[in-house]
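So the structure is just underneath, and the comments pick up after that.
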Amino acid sequence: MSKSLRLGGLLFVSLAFASACHGAGIEQGIFRIEPLRPVAELREEAMAAQPPKEQGTFREAELADLTTLDPTIKLDIRYATSDNFLSTPLYDQPRAVLQRPAAEALSRAHRALMKQGYGLLIHDAYRPWWVTKVFWEATPVQWRKFVADPAQGSRHNRGCAVDLTLYDLRTGAAVQMPGVYDEMSERSYPSYAGGTPEQRRLRDLLRAAMEREGFAVYETEWWHFDFKDWQQYPILNIPFEALANPSATQKGPASKPFAVAMNVNVPIAPTAFSAGGKAHLAYELHITNLGQWDLQLLSLEVVDGDDASRVLATFSQADLERMMRQASEKTVLGTQKADVVFVWVTFDRLQDAPAKLSNRFKVKVGDYPETIDVQTRALAVAKNPLVIGAPLSGDHWVAANGPSNTSAHRRSLIPIEGHAAIAQRFAIDWVQVGNDGKTYSGDPKDNESYYAFGRDALAVADGVVAAVLDGIPNNVPGIDSRAQPITLANVGGNFVQLDLGGGLYAFYAHLQPGSLRVKAGDKVRRGQVIGLVGNTGNSTEPHLHFHVSNSPEPLGAEGFPYALRTFEVQGSIEVGRDEINAQLADPGKSEARAMAIPAEGEIVKFEK
């Protein structure tokens, strides 16, 4: 029933229109007609014909590529696809070019609209004369007021007309107007009083922006705008393949671009936290080069979002190479390529972290000689990490792969169901060492030889058990020894996940089979034993993997920082070694920490 109702609404529009315009209709947002003759036959004739001869003196044509002039202008060139009123591609290339004065005026209109949350989406610009002839010959007489007479030529042929609409900067999607592009009905009139108030507002917003830059709307098409000097240019019949292609002949823009085609996203805003006796911010910049030339990152400054003169951290090009996930030589992002920059900013005290921050890049675009500054929008910075109890008890616990900008957990960007996240951003692999600094005593192939094996895993806060997994056998310790092939389902081995409230979850992985003391739905209290440390899933030796994240998905979530109420630092390990060799401090030389997360390599004694 609901399906019929939805289709009924769409059929009302298309059938009502078809009754007035036999042989035409709207199909999935595209207006289509039945051509009077086959388009292939009309195309052959039109390409053999000649444009009308004109009298007078004209300005020399200087066709400029719109996306070269301003990469933030978007294209949806309908006549390069079958999504047009003839249902047939007419262009061999999806190009949009205009006479340079018109192109520059269009870019100014686009920049003005961006301040209001919209951009320009181009459907057509310069059009060779032979295409105009095809349109005329294919269109029934009663609708020819919507197409240009080839005997007079079109303003599109002169490179001074553009067909366009608006797109929403937030979503990237085209907005809804009172009528669809190329529709041959009264809904296409700029003065049409139908449609919704919002559709009419957007139509009028587009018109006002274009008129301020010297364009005039065509009387029967809300999307068609003519540039004021169109009479000064001749009718052109140059095919797109004969036009200079800037991306093929240049390696960079000829002049400074209005905007750098660089898209920077931050998946989760940073929360300040304490570790290693300092305060830190850890976040990622997902950067995509949307332009047609290489983009080189030369440096990055993290600045206060409320005072850009306050520089919080500076990273050189060499630093960026180490901070990027797949950096090519010299931190170059090729056209339409993406990479991730792992940012870690350190302060002396937690109160030194700003309320907001912004990222300021110096970049080069292709071989354009000047360096260009790109500053991102300000990000809010939180200063309230989750306060929890200890996940274990006792001493000599090593924060292996713990929080740092180089740990394996920090760089584990894992795509799950089409979304890449870093659930392990602040994860720790807790292993226990003896007085000799090693994690085992005896046979290294026996789980019982490891100090961590069988230790109690403790609830870090009051909460509810969100999920559990049991029944996965222990591995034999070793780099390549796994009891089962590793999948997304069993990568954490036997686990317990606690819902801590506030949208945050604690994840305990690699527990012993049969040792879980809780089941899904159970309420737990801080300090309660929930299972025993084991060696299951993707684990090389007995340890407890622990992290906090913002989703019940164990790995399809974003990791969140936390703070232990108190603990002692008893020493450290040399980070980066294949085998743990702890350096314990002399007795009585432990360093007390409070409201912090243990940093990578620290050896910890948990509070009782």
Side-chain angles (χ1 to χ4, degrees), residues 325 342 391-392 397-404 406-417 419-433 439-440 444-455 457 466-498 505-516 530-560 573 575-580 598 600-601:
R325 188 165 186 255
F342 295 88
L392 297 157
W397 287 101
V398 178
N401 297 318
S404 79
T406 56
S407 77
H409 286 145
R410 170 76 173 108
R411 301 297 182 100
S412 294
L413 183 65
I414 300 174
I416 297 177
E417 296 181 344
H419 175 74
I422 307 180
Q424 305 173 93
R425 188 177 283 107
F426 304 100
I428 295 176
D429 287 333
W430 288 110
V431 295
Q432 196 171 30
V433 295
T439 61
Y440 64 91
K445 294 295 184 181
D446 184 353
N447 285 312
E448 297 283 354
S449 298
Y450 289 79
Y451 298 108
F453 190 74
R455 297 294 184 264
V468 300
L469 179 65
D470 201 353
I472 296 177
N474 280 311
N475 302 319
V476 174
I479 295 297
D480 299 318
S481 177
R482 302 290 187 275
Q484 296 179 342
I486 299 302
T487 67
L488 276 177
N490 68 13
V491 65
N494 304 309
F495 70 79
V496 172
Q497 186 180 51
L498 300 182
Y505 297 80
F507 185 65
Y508 302 73
H510 312 308
L511 301 174
Q512 285 190 34
S515 75
L516 274 59
I530 60 174
L532 303 181
V533 176
N535 182 24
T536 59
N538 191 30
S539 173
T540 58
E541 67 174 78
H543 74 283
L544 175 69
H545 172 103
F546 177 83
H547 72 248
V548 174
S549 63
N550 67 353
S551 164
E553 285 287 335
L555 294 178
E558 297 292 355
F560 196 83
I573 65 169
V575 176
R577 290 174 58 93
D578 291 336
E579 185 175 350
I580 289 176
E600 182 180 31

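Keep in mind the model is a prediction, meaning the values are calculated, not measured. The first residue in the sequence is number 1, and the count goes up from there.
Applying the side chain to side chain donor-acceptor pair (under 3.5 Å) test to every pair with at least one member in residues 469-479, sequence neighbours left out, gives no pairs at all. Residues in residues 419-432 take part in these salt bridge (Lys or Arg N to Asp or Glu O under 4.0 Å) pairs, two or more places apart or across chains: E284-R425, R425-E558.
Residues P403 and P598 share a closest heavy-atom pair of CD-O, 3.3 Å. Across every non-hydrogen atom of A423 and S549, the tightest pair is O-CB, 4.4 Å. The nearest pair of heavy atoms linking P473 to A483 is CG-CB, 3.7 Å. When every heavy atom of A408 is checked against every heavy atom of S412, the shortest pair comes out as O-OG, 2.7 Å.
In this model, a donor atom of one side chain and an acceptor atom of the other lie less than 3.5 Å apart for H545 and H547.
To the nearest 0.5 Å, the span separating CG on N494 from CD on Q512 amounts to 9.0 Å. Once rounded to the nearest 0.5 Å, the distance linking CZ of F560 with OG of S551 reads 14.0 Å. Separating the CZ atom in F453 from the CG atom in N535 is a distance of 7.5 Å, to the nearest 0.5 Å. To the nearest 0.5 angstrom, Q497 atom CD is 11.5 Å from L469 atom CG. Remark: L511 CG to S539 OG distance equals 10.5 Å, nearest 0.5 Å. Taken to the nearest 0.5 Å, the CG atom of L555 stands 12.0 Å off from the CD1 atom of I422.
Counting heavy atoms from C-beta on, the side chains of P552 and Y505 come closer than 4.5 Å. In this structure, the side chains of E600 and T406 come closer than 4.5 Å at one or more pairs of heavy atoms. You'll find the side chain of V468 stays beyond 4.5 Å of the side chain of F495, heavy atoms only. Proximity of F507 to V496: side-chain heavy atoms (C-beta onward) are nowhere separated by under 4.5 Å. Side-chain contact between I428 and F546 is absent, with no heavy-atom pair separated by less than 4.5 Å. Considering only heavy atoms from C-beta on, T540 comes within 4.5 Å of R482 through its side chain. The closest side-chain heavy-atom distance from L544 to L392 is below 4.5 Å.
Q432 is linked by a side-chain hydrogen bond (donor to acceptor under 3.5 Å, both in side chains) to R455, counting only residues two or more places apart in sequence or in another chain.
Aromatic pair Y450/Y440: ring centres closer than 6.0 Å.
Judged by distance alone, the side chain of N401 and the main-chain N or O of W430 form no donor-acceptor pair under 3.5 Å. Side-chain atoms of S515 come within 3.5 Å of backbone atoms of L532 as a donor-acceptor pair (strictly under, hydrogens ignored). A donor-acceptor distance shorter than 3.5 angstrom exists from the side chain of H510 to the backbone of T536, with no hydrogens or angles considered.
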